[in-house]
Amino acid sequence: MVEDTMFSGESKNIEYKVSLPDKSEKYMKTIVAFANTQGGKLIVGVDDKTHQIVGVENDVLFQLMDGIANAVSDSCVPQIIPDIEPQTVNGKTVIVVSVEAGKNRPYYLKSKGKDNGTYIRVAGTSRQAFPEKIKELEMEGARISWDELTCVGYPVSEEATEKLCLDIEKFRKKAGMSEHSVKKEQLINWKILKQSEGQLLATNAYALLTSDYFSFSKTQCAVFKGTDRAVFLDKREFTGPIYTQIEEAVDFVLRNIRLGATIDGLVRKEKYELPPEAIREMIINAHCHRNLLDESCIQVAVYDDRLEVTSPGGLYNGLTYEEVMNGHSKIRNKGIANIFSQMGLVEAWGSGIKRILNAAEEYGLLKPRFQEFDNMFRVELFRNSFPMTNEKENIRETSEKHRRSIGGSVENRPQRYTAKDYKVTFRRSSIISS
């Protein structure tokens with residue numbers, strides 16, 4: 001099992017060196033990158049091209065191990081303490097340098113400084129971090145959530161505050177939660193508003209929940225012909241409070257997928273080709289765990305064969321793909337996550353992927369795909385290539401993608417169907433945090 005994971009090739013968490021480089025900086029970048037990302041192992045004595053185990057001579061083994069420990073101590077800031085040990089594989093000895101995901105980020109090379117010496121792991125390589133990534137690493141190290149910071153210059157108005165409070169109450173009621181009056185005092189307790197010297201200050205979360213103040217805070221939705229992005233059939237861009245963006249994006253998807261009808265005796269039952277609860281889950285999660293320092297937008301794309309939701313930002317604060325798939329959670333945007341919880345939009349941290357998987361399985365769909373990149377996270381929910389099963393079903397297209405002219409006015413378009421029209425009941429969602 002050890003050989004399967006450690007000696008099958010380089011990856012985001014594994015790097016090989018056939019021998020120790022004369023200049024320690026060449027492998028210190030990897031040590032720093034592991035600490036800034038999800039941890040990993042540097043293995044000395046393995047050819048990175050052939051994966052052949054060449055080993056390290058025993059007479060220099062402990063000298064090399066001491067040299068690695070000294071180089072890490074002298075070169076990296078803040079301090080990184082790796083686990084360095086020899087391991088025998090196929091009769092040959094290699095050195096395994098294990099680095100855990102660090103908590104005091106960002107880590108960087110002392111000789112280069114923070115701006116030029118901060119590295120992160122991308123696939124099987126160590127790359128210099130861009131300024132926005134360094135900022136996120138700084139906040140991770142300080143245990144600060146960007147959405148809880150003061151939004152300098154953004155006004156706190158009675159009208160916007162009252163509307164947000166009323167909307168929270170409405171969402172709680174729709175979710176079947178206990179009803180209670182929400183006032184600005186609750187927004188202060190939830191760290192959406194701040195008090196300073198007798199004044200109320202807006203946080204970034206308050207701005208995201210009450211306006212389209214940030215240009216990146218939007219949800220781009222599109223329908224494409226075929227299975228790639230070559231030809232648009234329809235596209236929309238939703239702005240404003242992020243919870244309204246979620247509702248509008250969900251409705252956009254429902255308008256652009258098939259709705260089947262099953263006749264069971266005298267009862268007609270309508271059913272979308274994709275589970276609405278999974279669609280909603282995907283879009284809510286995209287807003288909850290996105291990197292708000294990245295000025296890219298959330299994208300929702302409908303193809304002939306799948307629904308694809310992409311959010312800016314890879315996995316958060318050392319969280320691994322395997323941990324996410326097993327239901328582990330780290331909250332990137334604490335203020336937004338808390339408000340979504342108060343609104344009944346999210347329920348239990350870390351169970352989002354499981355809900356999507358279960359919903360797809362209940363619908364008889366292919367297993368959804370989850371892809372993690374260095375700067376984005378993507379979820380794909382696959383459509384059936386044939387009508388929904390039951391021979392008594394009457395399939396009708398609610399999608400307007402083949403009968404709308406792109407760019408035409410809303411008034412001139414055919415009637416649109418929404419989730420409300422069909423009284424679809426949604427389960428409360430939960431966060432995939434990254």
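Quick note: residue numbers are just sequence positions, from 1.
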For [Y], does its backbone N or O pair with a side-chain atom of [X] as donor and acceptor, under 3.5 Å?
{"X": "Asn333", "Y": "Arg290", "answer": "yes"}
{"X": "Glu10", "Y": "Tyr16", "answer": "yes"}
{"X": "Ser211", "Y": "Ala207", "answer": "yes"}
{"X": "Thr118", "Y": "Asp115", "answer": "no"}
{"X": "Arg236", "Y": "Asp234", "answer": "no"}
{"X": "Asn256", "Y": "Phe252", "answer": "yes"}
{"X": "Arg280", "Y": "Ile246", "answer": "no"}
{"X": "Ser296", "Y": "Pro312", "answer": "no"}
{"X": "Arg105", "Y": "Asn36", "answer": "yes"}
{"X": "Ser196", "Y": "Gln199", "answer": "no"}

With the side chain counted from C-beta on, respond yes when [X] and [Y] share a heavy-atom pair under 4.5 Å apart, and no when they do not.
{"X": "Ser75", "Y": "Lys110", "value": "no"}
{"X": "Val96", "Y": "Ile84", "value": "no"}
{"X": "Asp294", "Y": "Phe216", "value": "no"}
{"X": "Leu201", "Y": "Leu193", "value": "no"}
{"X": "Leu200", "Y": "Ile188", "value": "yes"}
{"X": "His287", "Y": "Gln245", "value": "yes"}
{"X": "Thr310", "Y": "Ile298", "value": "no"}
{"X": "Leu345", "Y": "Ser341", "value": "no"}

Cut-off 3.5 Å, side chains only: do [X] and [Y] have a donor facing an acceptor?
{"X": "Tyr303", "Y": "Arg383", "value": "no"}
{"X": "Glu136", "Y": "Asn291", "value": "yes"}
{"X": "Asp147", "Y": "Ser145", "value": "yes"}
{"X": "Lys41", "Y": "Ser98", "value": "yes"}
{"X": "Arg229", "Y": "Gln299", "value": "yes"}
{"X": "Thr210", "Y": "Tyr154", "value": "yes"}

For the pair [X] and [Y], find out whether any cationic side-chain nitrogen is under 4.0 Å from an anionic carboxylate oxygen.
{"X": "Lys114", "Y": "Glu138", "result": "yes"}
{"X": "Lys26", "Y": "Glu15", "result": "no"}
{"X": "Asp167", "Y": "Lys163", "result": "yes"}

Counting only heavy atoms not in [X], do more than 12 sit closer than 6.0 Å to its [atom1] atom?
{"X": "Lys191", "atom1": "NZ", "result": "no"}
{"X": "Glu295", "atom1": "CD", "result": "no"}
{"X": "Glu323", "atom1": "CD", "result": "yes"}
{"X": "Glu361", "atom1": "CD", "result": "no"}
{"X": "Glu159", "atom1": "CD", "result": "no"}

> Step by step, would you call Lys235 with Glu237 a salt bridge (Lys or Arg N to Asp or Glu O under 4.0 Å)?
Replying inline: CA-CA 7 Å; Lys235 56 183 176 179; Glu237 188 171 277; over 6 Å; no
>> For Tyr363, does the six-membered ring have the charged nitrogen or CZ of Lys271 within the cation-pi criterion, i.e. under 6.0 angstrom from the centroid and within 45° of the normal?
In response: yes
> Cation-pi between Lys133 and Phe130: NZ/CZ under 6.0 Å from ring centre and within 45° of the ring axis?
Replying inline: no
> Are the ring centres of His289 and Tyr316 closer than 6.0 Å?
Replying inline: no
>> Between Phe214 and Trp146 (judged by ring centroids, cut-off 6.0 Å), do the two rings come close enough to count as a pair?
In response: yes
Quick check for you: to the nearest 0.5 Å, what is the distance between [X] atom [atom1] and [Y] atom [atom2]?
{"X": "Lys112", "Y": "Gln128", "atom1": "NZ", "atom2": "CD", "result": "7.0 Å"}
{"X": "Phe377", "Y": "Ser311", "atom1": "CZ", "atom2": "OG", "result": "7.5 Å"}
{"X": "Lys12", "Y": "Ile120", "atom1": "NZ", "atom2": "CD1", "result": "8.0 Å"}
{"X": "Asn189", "Y": "Gln342", "atom1": "CG", "atom2": "CD", "result": "10.0 Å"}
{"X": "Phe370", "Y": "Leu381", "atom1": "CZ", "atom2": "CG", "result": "8.5 Å"}
{"X": "Ile336", "Y": "Ile242", "atom1": "CD1", "atom2": "CD1", "result": "3.5 Å"}

> Is there a side-chain hydrogen bond (donor to acceptor under 3.5 Å, both in side chains) between Glu148 and Thr203 once you walk through the steps?
Replying inline: CA-CA 6 Å; Glu148 292 181 341; Thr203 64; over 6 Å; no
Which heavy atom in [X] sits nearest to a heavy atom in [Y], and how many Å separate them?
{"X": "Val346", "Y": "Ala337", "answer": "CG2-O, 3.9 Å"}
{"X": "Val182", "Y": "Trp190", "answer": "CG1-CZ3, 3.9 Å"}
{"X": "Tyr213", "Y": "Cys151", "answer": "CE2-SG, 3.6 Å"}
{"X": "Asn285", "Y": "Gly352", "answer": "ND2-CA, 4.2 Å"}
{"X": "Ala35", "Y": "Val99", "answer": "N-CG1, 3.9 Å"}

> Taking it one step at a time, do Glu273 and Arg306 satisfy salt bridge (Lys or Arg N to Asp or Glu O under 4.0 Å)?
Replying inline: CA-CA 11 Å; Glu273 64 169 308; Arg306 69 193 187 281; over 6 Å; no
>> Checking Lys184 now: which residues fulfil side chain to side chain donor-acceptor pair (under 3.5 Å) with it, not counting sequence neighbours?
In response: none
> Can Glu169 and Lys174 be said to form a salt bridge (Lys or Arg N to Asp or Glu O under 4.0 Å), step by step?
Replying inline: CA-CA 9 Å; Glu169 292 176 8; Lys174 283 196 293 185; over 6 Å; no
> Would you call the rings of Phe171 and Tyr243 parallel, tilted or perpendicular, where under 30° means parallel and over 60° means perpendicular?
Replying inline: perpendicular
> Run the salt bridge (Lys or Arg N to Asp or Glu O under 4.0 Å) check on Glu308 and Arg378 step by step: do they pass?
Replying inline: CA-CA 7 Å; Glu308 180 182 278; Arg378 176 173 291 163; 3.7 Å; yes
> Stepwise, does the side chain to side chain contact (heavy atoms under 4.5 Å, CB included) test hold for Ser217 with Asp212?
Replying inline: CA-CA 7 Å; Ser217 179; Asp212 57 0; over 6 Å; no
>> For Ser11 and Asn13: C-alpha separation, side-chain torsions, deciding distance, then whether side-chain hydrogen bond (donor to acceptor under 3.5 Å, both in side chains) applies.
In response: CA-CA 5 Å; Ser11 67; Asn13 307 101; 4.7 Å; no
